[in-house]
Every structure is written in structure tokens, then in C-alpha cells.
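As C-alpha cells, the structure follows; a few thoughts come after it.
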Amino acid sequence: MPGNGLIDCDVHNVVSSDAALLPYLPARWRRHLELAGSRTFSPFVKGYAYPKAAPLASRRDAWPPSGGPPGSDLDFMRAQLLDAYGVEYAVLNCLYRAPEQRYDAYGAALATAVNDWQVEHWLERDPRLRASITVPFESPALAAAEIDRAAAHPGFVQVLLYPRTQQPLGKRHYWPIYEAACRTGLPVGIHAASTTPGPITAPGWPSYYIEDHTGLAVAFQAQVISLIMEGVLDRFPDLQIVLLEGGFAWVPPLMHRLDTLHHRLRDEVPDLQHQPSHYLRHRIRITTQPMEEPERPDDLVPLLRELGPDILMFSTDYPHWDFDNPHRAFQTRVPAGLHRRIMCENARAQYRFTS
């Protein structure tokens, strides 16, 4: 379906209730869901606690007339997003809590159910939609099996992980996931969320939502450093990484710091084939939401140029409260060529979308 050259790389479709997944679960796991249900590490199992003014972290106007939660009604999403802005393609990232399950086999069953539900209710109902594969990534062998299975459907365009994991993502523990991603030709997307049973900051649990929300950028930085320094991007030369909803203003200073320290400490990582900044520029792509808004709007364009023309891909984060309107996301004028790359061409190349 033709569009106006807008590709939205982060849209959230939502499972309306656990009952919606029952048709996609074998009898053994349907019984488990009904008798035991979820046991997760997340403190927000019943929904996001903050901000209270935006239940389920969503826009107030995003609650569909059908009665489900925001993101659960495709027709309403069409009206509010796909048709309203002429979206050519939208990448769905379903944050259902399958990866958070303490019982790994149940988490794997839920991931399969979520992916099959996405195919039937989303991918096969609108040709503009693509989706990320939900996987139980703390059990990499099970995750790899689900990647191999789900990737047979052409609507899936990446594998979905979270940045707050039980171990840094560069560790060998997670390598089966990267092997499967390379086998199937899919990038790995890392989206803001949490599964770890431990505190979400190095010193411990924060008091406020603003600490949690701001601190996510630190989690993304830690994972980027791990993926580079553990040699993942050398060992898997075809692997591409996409960072979703983690900000991007931190990237230039991180590149500078990593390159400086690598120059001084590279004997510790002698197998690294390039300077750290090389991997960030060539192997990692980053979505724009939350859009960085410097105090002086004119400072944004130099930041974009320092990042380079290929790294950023536009995203709205629909239907969440900090949604970025495609018409107003940039607070200053961005050169036309760079603007087009960010709004559509970088994503078209990354996900191999046709025009």
C-alpha cells in the first residue's frame, strides 16, 4: 500500500487480555494460565504504575471505543496513526510479558502464542504492518527455536529483546539468539522494558518514575558496550542491532569515550577488529522516540550530523503518552535529505522494505 514516505519503527500493539491468547495455546498451557497464571520478575505485572495521569503509559485519547486497552484495536490504530499520518510501514513491538516469566517453558509457550496472535490479528489484516518476534530471551535455546519458527512468516522483521536483562547481552549465554537472528536474516531490536529480578540501577531501586524513565538510557549504553566489547559484532558479522526508545543524544559522547579508552586499554580486548565507534556507526541503528529536544532547538541539527546520516530511524511510540507526532517531532528545520533518511529511507534499508 503506498504511503507518503513515512515509516514508523516503534508502534505498540497490545494483547487485550490473557484470554485473547487462549486459542493459540496448547491445552497444557491453557490450563497453566487458568490455574497458575503469570509469575514474573516485573513489579508492574498489573500495568504500569506511572505516570498515573496516563494509565498503561498511554495517551488519554488512545483508548478505543471497542473497550480494550490502547493499542488493542487495529481499526482504531488505523484511524489515529496509519491513516492519519499516511504511514507506509509500521513495525509493531508487542511488550506482552512472555519474556518475564520465571517458568521458562511457559514463557516460551506465551511467546509462540503472541506471535501467532500477531499474524492473525495484525499482519494479515493490514499490508502496512510488520512485527517483531517475541521471544523468551532469558532462555536462549527456547528463544532461538521460536525465532526459527516465527521467521517463516514474512511479516516478522526483527527479534525483540529488552535492555534490562539478567546478564549483559554480550555474554555467551545469549549467543544462540544472535545465531538464530543471523540464520533468519533478522536484526535484533532492543526495546525499553525490564525483566531483571534485580534493581534497575547500579546503586539499587529508585524512588520515582522519572528516575526509571531517564535511567533507561544508561541500560542501553551498558548493552551497547557489552555487545561491542564481548566481540558479538565481530563474531556475528551479519548481525544488525536496533535500539528502540532509548534516546540518542548519548551516542556521540559514548563513542568518544569508548574510542579514547580503547586506545589506552585495547590490549585487554585484542580481538576487537575495529574502534568501538565503528560498530555504533555501521552495525547499530536507533529509533528517534523519545526525540531529543535541546534547550536551543538549533543544536539538534549538529547532533544529527555528528551521529551520521544512516543511524536514526523515525518512531512515534504510539499509543504511549510520550508519542512523537511526525509533523512536530523536529523542533527545528532539518535538511531535506537528512530528514527523508530519518523518516523513511534508513528504515527501508534496515528492514528491506519495498517502495
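Just so you know, residue 1 is the first one in the sequence shown, and it goes up from there. Values below: every heavy atom of this structure, side chains too, minus hydrogens, waters and symmetry copies.
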Considering all heavy atoms, the nearest [X]-[Y] contact:
X      : Y      : value
Pro69  : Pro64  : O-CD, 3.6 Å
Trp175 : Gly170 : NE1-O, 2.9 Å
Ala111 : Ala98  : N-CB, 3.6 Å
Leu254 : Ile225 : CD1-CD1, 3.9 Å
Tyr96  : Val114 : CD2-CG2, 3.6 Å
Val157 : Pro187 : O-CD, 3.1 Å

[X] versus [Y]: any side-chain heavy-atom pair under 4.5 Å?
X      : Y      : result
Ile228 : Val224 : yes
Met313 : Thr288 : no
Val159 : Tyr178 : no
Leu33  : Leu25  : yes
Phe76  : Pro65  : yes
Gln118 : Asn115 : yes
Ile200 : Pro206 : yes
Thr316 : Leu81  : yes

When you measure from the side chain of [X] to the backbone of [Y], do you find a donor-acceptor pair of N or O atoms at a distance under 3.5 Å?
X      : Y      : answer
Glu138 : Gln166 : yes
Thr287 : Glu245 : yes
Asp324 : Met291 : yes
Gln158 : Ala131 : no
Glu100 : Pro136 : no
Thr184 : Ala180 : yes
Asp317 : His320 : no
Gln223 : Leu169 : yes
Arg283 : Leu239 : yes
Ser315 : Gln289 : yes

Is it the case that the ring center of [Y] lies less than 6.0 angstrom away from the ring center of [X]?
X      : Y      : result
Trp29  : Tyr103 : yes
Trp122 : His12  : no
Tyr208 : His213 : no

Ion pair [X]/[Y], N-O distance below 4.0 Å:
X      : Y      : value
Asp212 : Arg164 : yes
Asp298 : Arg296 : no
Asp8   : Arg130 : no
Glu230 : Arg235 : no
Arg31  : Glu34  : no

Can you tell me how far [atom2] of [Y] sits from [atom1] of [X], rounded to the nearest 0.5 angstrom?
X      : Y      : atom1 : atom2 : result
Met343 : Leu6   : CE    : CG    : 5.0 Å
Asp83  : Met77  : CG    : CE    : 12.0 Å
Ile177 : Ser139 : CD1   : OG    : 9.0 Å
Leu338 : Leu312 : CG    : CG    : 8.0 Å
Leu160 : Asn93  : CG    : CG    : 5.5 Å

Is the count of non-hydrogen atoms from other residues, nucleotides or ligands lying under 6.0 Å from [X] atom [atom1] greater than 12?
X      : atom1 : answer
Arg305 : CZ    : no
Arg28  : CZ    : yes
Ile210 : CD1   : no
Arg183 : CZ    : yes
Arg172 : CZ    : no

Return each pair, listed once, that meets ring-ring contact (aromatic ring centres under 6.0 Å, His included) where at least one residue sits in residues 332-355; pairs must be two or more places apart or across chains.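 Only Tyr89-Phe353, Phe330-His339, Tyr351-Phe353 qualify under ring-ring contact (aromatic ring centres under 6.0 Å, His included).
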Side-chain heavy atoms under 4.5 angstrom apart, residues restricted to Ile, Leu, Val, Met, Phe, Trp, Tyr: same cluster for [X] and [Y]?
X      : Y      : value
Leu142 : Tyr174 : no
Ile311 : Leu300 : yes
Ile190 : Leu258 : yes
Leu95  : Phe323 : yes
Leu161 : Val218 : no

Between Tyr162 and Phe137, what is the ring plane arrangement, given parallel below 30°, perpendicular above 60°, and tilted in between?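 Because their plane-to-plane angle is over 60°, the rings of Tyr162 and Phe137 count as perpendicular.
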Listing, residues 267-282 side-chain donor-acceptor contacts under 3.5 Å, not counting sequence neighbours, or none:
residue	atom	partner	partner atom	Å
Ser277	OG	Asp259	OD1	3.4
Ser277	OG	Asp259	OD2	2.7
Tyr279	OH	Asp234	OD1	2.8
Tyr279	OH	Asp234	OD2	2.8
Tyr279	OH	Gln273	N	3.2
Tyr279	OH	His274	N	3.0
Arg281	NH1	Glu306	O	3.1
Arg281	NH1	Leu307	O	3.1
Arg281	NH2	Glu306	O	3.4

Using side-chain contact (heavy atoms from CB on, under 4.5 Å), reason through Val15 and Leu21 one step at a time and then give a plain yes or no. CA-CA 8 Å; Val15 179; Leu21 295 181; 3.9 Å; yes
